[in-house]
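I'd like to ask you about the structure that follows.
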Protein chains: 2
Amino acid sequence: MVQKQEYLSKNQKIVLDHVEKANQPLKAYSILYNVQKKGLKAPLQVYRALDKLVEIGKIHKIESRNAFVACKNSNCIVSNATAFSICESCEKVTEINNSKLSKYLSNFEDNSGMKYSKYNLEFFGLCKKCKNK
Amino acid sequence: MVQKQEYLSKNQKIVLDHVEKANQPLKAYSILYNVQKKGLKAPLQVYRALDKLVEIGKIHKIESRNAFVACKNSNCIVSNATAFSICESCEKVTEINNSKLSKYLSNFEDNSGMKYSKYNLEFFGLCKKCKNK
DNA sequence: AACGCATTGTTATATTATAACATTATTATT
DNA sequence: AATAATAATGTTATAATATAACAATGCGTT
């Protein structure tokens, strides 16, 4: 039996390194532009690395922004329960790590008979800095 | 002082009608294709109508799917607090109307000093039908 | 060695969304 | 009624985001 991948491939490492250094969400084509010196030439090389990194939870996609950010949540081994705050003025994005919230959402049930295995929550507002401007 | 718009324009009505009849999320270009007989010829005409309809809460965007669905929530006058369940198998999307959930999220505060004015929550899983297949 | 599978490399193309500019419609104010 | 402010329309072109398809390589398992 083939084991689940435990390491990152060359391209995956390059992309993850770059996204981790950014400390903010990056667009796929901005990543591409910046890793071209490392040999990644085509969008697909970046998208494929991102897909994998999202799948294993090292990177999250900010859906409302089509941007990618490194996971800041050490216990976020698989990317199945994510929450972010997004400042609508400066676009600063912060991953929310709140156990009450994640517990509440993971256990949430409505009357649809559907059991949820994942969620993504994006809060919008003004961050502290922008509020005081 | 100019009042807030109370009616829908021609294009907005056409797009909203179409999306309401669908009962499921539609892609912008699928909308475009289907309203061409009504005179909307270009993507921008659809996107502009969608933008407005999203702004006033008649339509919501399912961010993870880049698709648009009519609001099923009569008290959702402004589109600032939305929650959906998404079946990862059949792609059925349902708007969640749960006052406990919305109260919980609207009052949510973390330690960032940020007060949130909007949120969008997308749950993923298997719907009843697909679970039993 | 042979197999299975993930990854890579590459070219082309599909899909989603906006820029820019000119024009017309609607409503509020004078 | 005339004017001004705002919103909506129409149009062409293009930007930004993402995937299809195919050939080749690398790596662990049998």
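Numbers restart at 1 for each chain; the letters A, B, ... are given by sequence-line order, proteins then strands. The analysis underlying the following values was restricted to heavy atoms, covering all of them including side chains, and did not include hydrogens, waters or symmetry mates.
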For B:A22, side chain to side chain contact (heavy atoms under 4.5 Å, CB included) partners two or more places apart: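 Here the qualifying residues are B:Q24, B:L26.
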Give the rounded distance in Å between these two atoms: CD of A:E63 and C1' of D:dT17.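 About 12 Å, once rounded to whole Å.
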Between A:E91 and A:R65, does any NZ, NE, NH1 or NH2 come within less than 4.0 Å of an OD or OE carboxylate oxygen?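 Looking at A:R65 and A:E91, the cut-off is met.
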Whether B:F108 and A:F123 hold their rings parallel, tilted or perpendicular, with breakpoints at 30° and 60°: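 Parallel: the ring planes of B:F108 and A:F123 meet at under 30°.
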Taking only residues two or more places apart in sequence or in another chain, which ones pass side-chain hydrogen bond (donor to acceptor under 3.5 Å, both in side chains) with B:Q36?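 B:Q36: no side-chain hydrogen bond (donor to acceptor under 3.5 Å, both in side chains) contacts found.
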Between C:dT7 (C1') and A:L50 (CG): distance, integer Å: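 Whole-Å distance recorded here is 15 Å.
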Holding to side-chain hydrogen bond (donor to acceptor under 3.5 Å, both in side chains), I want the full list of residues that pass it with B:S112, two or more places apart in sequence or in another chain.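 Counting only residues at least two positions away or on another chain, B:S112 forms a side-chain hydrogen bond (donor to acceptor under 3.5 Å, both in side chains) with B:D110.
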Do the side-chain N or O atoms of B:K61 get closer than 4.0 angstrom to the phosphate oxygens (OP1, OP2) of C:dA17?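 For C:dA17, OP1/OP2 do have a side-chain N/O of B:K61 under 4.0 Å.
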Please enumerate all residues that pass side-chain hydrogen bond (donor to acceptor under 3.5 Å, both in side chains) together with B:E20, with sequence neighbours excluded.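 With sequence neighbours excluded, B:E20 shows a side-chain hydrogen bond (donor to acceptor under 3.5 Å, both in side chains) to no residue whatsoever.
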Under the side chain to side chain contact (heavy atoms under 4.5 Å, CB included) rule, collect the residues that match up with B:K37, sequence neighbours excluded.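 If we apply the side chain to side chain contact (heavy atoms under 4.5 Å, CB included) test to B:K37, skipping adjacent residues, there are no hits.
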Could you give the CD-to-P distance, from A:Q12 to D:dG26, as a whole number of Å?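 Atom-to-atom, A:Q12 to D:dG26, this comes out as 16 Å.
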At under 4.0 Å, does any side-chain N or O of A:K10 touch on OP1 or OP2 of C:dA6?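 So the side-chain polar atoms of A:K10 never come under 4.0 Å of the phosphate oxygens OP1 or OP2 of C:dA6.
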Rounded to whole angstrom units, what separation is found between the CD1 atom of B:I62 and the C1' atom of C:dT16?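 The distance from CD1 of B:I62 to C1' of C:dT16 comes to 16 Å, rounded to the nearest Å.
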Looking at C:dT26, C:dT18, D:dA18, which one has an atom nearest to any side-chain atom of A:F68?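 Minimum distance to the A:F68 side chain belongs to D:dA18.
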In residues 22-33 of chain B, which ones come under 4.0 Å of DNA chain C, going by heavy atoms?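 Within residues 22-33 of chain B, the residues near DNA chain C are B:K27, B:Y29.
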Determine which pairs satisfy ring-ring contact (aromatic ring centres under 6.0 Å, His included) with at least one residue from residues 36-59 of chain B, sequence neighbours left out, and list them in order.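 Counting only pairs at least two positions apart or across chains, no ring-ring contact (aromatic ring centres under 6.0 Å, His included) contact touches residues 36-59 of chain B.
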Spacing of B:L16 atom CG relative to D:dA8 atom P, expressed in whole Å: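 Going from B:L16 (CG) to D:dA8 (P), I get 14 Å.
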Select from B:P43 and B:N66 the residue whose nearest nucleotide in DNA chain D is closer to the 5' end of that strand.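 Upstream on the strand: B:P43.
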Can a side chain N or O of A:Q45 be found less than 4.0 Å away from OP1 or OP2 on C:dT10?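 Indeed not, no polar side-chain atom of A:Q45 lies that close.
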Check the distance between C:dC5's P and A:K52's NZ and give it to me in whole angstrom.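 Between P of C:dC5 and NZ of A:K52: 13 Å.
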What string of B, S and - do you get for nucleotides 20-25 of chain C, 5' to 3', when a contact is any protein heavy atom under 4.0 Å? B-----
Rounding to a whole Å, what distance do you find between B:D51:CG and D:dA7:P?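 B:D51 atom CG is separated from D:dA7 atom P by 14 Å.
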Send over the distance from B:Y47 OH to C:dA19 P, rounded to a whole Å.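 B:Y47 atom OH is separated from C:dA19 atom P by 13 Å.
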List for me each residue that meets side-chain hydrogen bond (donor to acceptor under 3.5 Å, both in side chains) alongside A:E122, sequence neighbours excluded, and say none if there are none.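 Checked A:E122 against side-chain hydrogen bond (donor to acceptor under 3.5 Å, both in side chains); matches are A:S64, A:N120.
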B:K115 atom NZ: more than 12 heavy-atom contacts under 6.0 Å: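 Counting neighbours around NZ of B:K115, more than 12 heavy atoms of other residues, nucleotides or ligands fall under 6.0 Å, so yes.
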Please confirm whether the shortest side-chain N or O distance from A:S9 to OP1 or OP2 of C:dA6 is below 4.0 Å.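 No, no such contact exists.
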Considering just the side-chain nitrogens and oxygens of A:K41, establish if one lies under 4.0 Å of OP1 or OP2 belonging to C:dG9.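 No, because none of the side-chain N or O atoms of A:K41 sits under 4.0 Å from OP1 or OP2 of C:dG9.
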A:N11 side-chain N/O to C:dT7 phosphate OP1/OP2 under 4.0 Å: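 It does not, given that no N or O in the side chain of A:N11 lies less than 4.0 Å from OP1 or OP2 of C:dT7.
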